[in-house]
Amino acid sequence: MKQGFYGRDTRVVAEELLGKHLCRRLPSGRIIRGRIFETEAYDGFEDRASHAHKGPTARNVVMFGPPGHAYVYLCYGLHWILNFTTREKGYPAAVLLRGVEGVEGPGRTTRHFQINSRHNEQVLSRVNGLWVEDDGREICAGAIHRAPRVGIDYAGAEWAAKPWRFIWQPSR
DNA sequence: TGCGCGATTCTC
DNA sequence: AGAATCGCGCAT
């Protein structure tokens, strides 16, 4: 996808990523792909669930950068979590990749695609071995479900309740 | 310089 | 229900 795809409203990007292919060139040279089926939006300064809501830090600074870059961080000392930055430079926002077809869970996704801190801050591109492709197939909007984001109760009831998780359920 | 915790996952 | 496991973020 072009960088302009990511420089838009974070919820729109999160939703439109559904059905697109997460692509990765492994160290072996083999290329693997998976259709994205679950994402979450983390948007702006006010979003108390977002790493960025208290301003830029060493970890989250990528969220303040230009769109279409990978934001990868270590969670619970065990799991790498992959995000794509959205919106313009200076506006902190990102889409969390929770799962692709056959791989359920953000930590499992990065493990499957062998994604780690090496990819942090990198622009999504074939050259960098991590990118997103659109095969042109439309997905049925009716098959998209919205739900509250996972594991963010610390954000308080108002922000935890926002239906900023997007799940694509391919029919049959 | 120190310490508590997390956008999770796995096992018991 | 509890462990695994460590860099970040904030207080000291």
Side-chain angles (χ1 to χ4, degrees), chain A residues 1 5-20 22 24 26 32 34-124 130 132 144-169:
Chain A
M1 305 300 299
F5 172 86
Y6 301 97
R8 302 176 296 154
D9 180 274
T10 309
R11 284 150 299 240
V12 170
V13 175
E15 182 166 348
E16 292 191 7
L17 277 169
L18 299 178
K20 308 249 184 312
L22 178 65
R24 167 94 172 99
L26 300 177
I32 59 174
R35 285 195 110 186
I36 297 166
F37 79 85
E38 187 172 356
T39 60
E40 284 179 1
Y42 290 85
D43 185 67
F45 298 89
E46 296 190 352
D47 181 1
R48 297 185 69 83
S50 170
H51 288 167
H53 88 277
K54 289 181 180 173
T57 65
R59 178 176 67 164
N60 69 21
V61 68
V62 186
M63 293 184 72
F64 292 78
H69 288 243
Y71 169 39
V72 183
Y73 68 91
L74 187 64
C75 184
Y76 291 97
L78 295 166
H79 309 289
W80 295 106
I81 307 296
L82 172 65
N83 301 255
F84 299 155
T85 58
T86 59
R87 294 293 300 261
E88 67 278 9
K89 188 172 191 282
Y91 185 102
V95 171
L96 166 68
L97 259 82
R98 291 197 60 87
V100 304
E101 256 176 324
V103 187
E104 191 169 341
R108 290 169 173 173
T109 298
T110 53
R111 191 178 62 186
H112 183 258
F113 282 83
Q114 298 181 36
I115 291 162
N116 53 47
S117 59
R118 295 174 352 100
H119 302 279
N120 191 40
E121 297 192 64
Q122 288 194 349
V123 67
L124 299 170
L130 183 63
V132 176
I144 296 176
H145 294 244
R146 288 151 217 269
R149 295 170 292 180
V150 174
I152 53 147
D153 286 347
Y154 59 81
E158 178 193 349
W159 290 95
K162 295 202 180 289
W164 290 1
R165 179 158 60 111
F166 300 88
I167 308 147
W168 173 46
Q169 300 185 335

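Chain A is the first sequence line, chain B the second, and so forth, proteins listed ahead of strands; every chain is numbered from 1. All values reported here derive from a predicted model rather than from experimental measurement.
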Contact class for A:Arg149 vs. all strands (heavy atom < 4.0 Å): base, sugar-phosphate, or nothing?
-> nothing
Between P of B:dC5 and CD1 of A:Ile152, the distance in whole Å | 19 Å
What integer distance in Å separates A:Leu78:CG from C:dT5:C1'?
-> 5 Å
Please confirm whether the backbone N or O of A:Phe113 pairs with a side-chain atom of A:Arg24, one donor and one acceptor, at under 3.5 Å?
-> yes
Using atom NE2 of A:His51 as one end and atom C1' of C:dG9 as the other, report the distance to the nearest whole Å.
-> 11 Å
Distance, rounded to the nearest Å, where A:Trp80 contributes CH2 and B:dT9 contributes P = 15 Å
When you look for runs of 3 or more Watson-Crick or G-U pairs in a row, both distances below 3.5 Å, which of them include DNA chain B?
-> B:1-6 with C:6-11, B:8-11 with C:1-4
Identify which nucleotide among B:dA7, B:dG6, C:dC6 has an atom closest to any side-chain atom of A:Tyr154, counting heavy atoms from C-beta outward.
-> B:dA7
Has A:Tyr73 got its ring stacked on B:dA7, by the test of a centre gap below 5.5 Å and a plane angle below 30°?
-> no
Picking from B:dT8, C:dC10, B:dA7, the nucleotide nearest the side-chain atoms of A:Tyr76 would be B:dT8
Give one of base, sugar-phosphate or nothing for A:Ala58, where a contact means two heavy atoms less than 4.0 Å apart.
-> sugar-phosphate
Dump the pairs, protein N or O against N or O of nucleotides 10-12 of chain B, anything under 3.5 Å, distances to one decimal.
from, atom 1, to, atom 2, distance (Å)
B:dC10, OP1, A:Arg111, NH1, 3.3
B:dC10, OP1, A:Arg111, NH2, 3.0
B:dC10, OP2, A:Arg108, NE, 2.8
B:dC10, OP2, A:Arg108, NH2, 2.3

Should the pair A:Glu15-A:Arg146 be classified as a salt bridge under the 4.0 Å nitrogen-to-oxygen rule?
-> yes
Just to confirm, is there a sub-4.0 Å distance from OP1 or OP2 of C:dG9 to any side-chain nitrogen or oxygen of A:Thr57?
-> yes
Looking only at heavy atoms, the pair that brings A:Asp47 and A:His53 closest together is O-CB, 3.0 Å
Of the options A:Thr10, A:Leu97, A:Val150, which is the one that meets A:Glu40 in a side-chain contact (heavy atoms from CB on, under 4.5 Å)?
-> A:Val150
Find the distance A:His79:NE2 to B:dT8:P and express it as a whole number of Å.
-> 9 Å
A:Asn60 CG to C:dC8 C1', straight-line distance once rounded to whole Å = 10 Å
Main-chain N/O of A:Trp164 paired to A:Arg11 side chain as donor or acceptor, under 3.5 Å = no
Using the P atom as the reference point in each nucleotide, state the distance between C:dT5 and B:dG2 in Å, no decimals.
-> 23 Å
Rounded off to whole Å, could you give me the CG-to-C1' distance for the A:Asn116 and C:dC6 pair?
-> 15 Å
Can you tell me if A:Ser50 uses its side chain to pair, donor with acceptor, with the backbone of A:Tyr42 under 3.5 Å?
-> no
Partner of A:Leu82 by side-chain contact (heavy atoms from CB on, under 4.5 Å), out of A:Asn120, A:Asn116, A:Thr110, A:Val95 = A:Thr110
Between A:Arg165 and A:Pro148, is there a donor-acceptor pair closer than 3.5 Å when you use the side chain of the first and the backbone of the second?
-> yes
Heavy atoms of other groups near A:Asp153 CG, more than 12 under 6.0 Å | no
In whole angstroms, the gap separating C1' of C:dC8 from CE of A:Met63 amounts to 15 Å
Spacing of A:Leu74 atom CG and A:Trp80 atom CH2 [to the nearest 0.5 Å] = 4.5 Å
Would you indicate, yes or no, if B:dT8 has its OP1 or OP2 atom less than 4.0 angstrom from a side-chain nitrogen or oxygen of A:Arg98?
-> yes
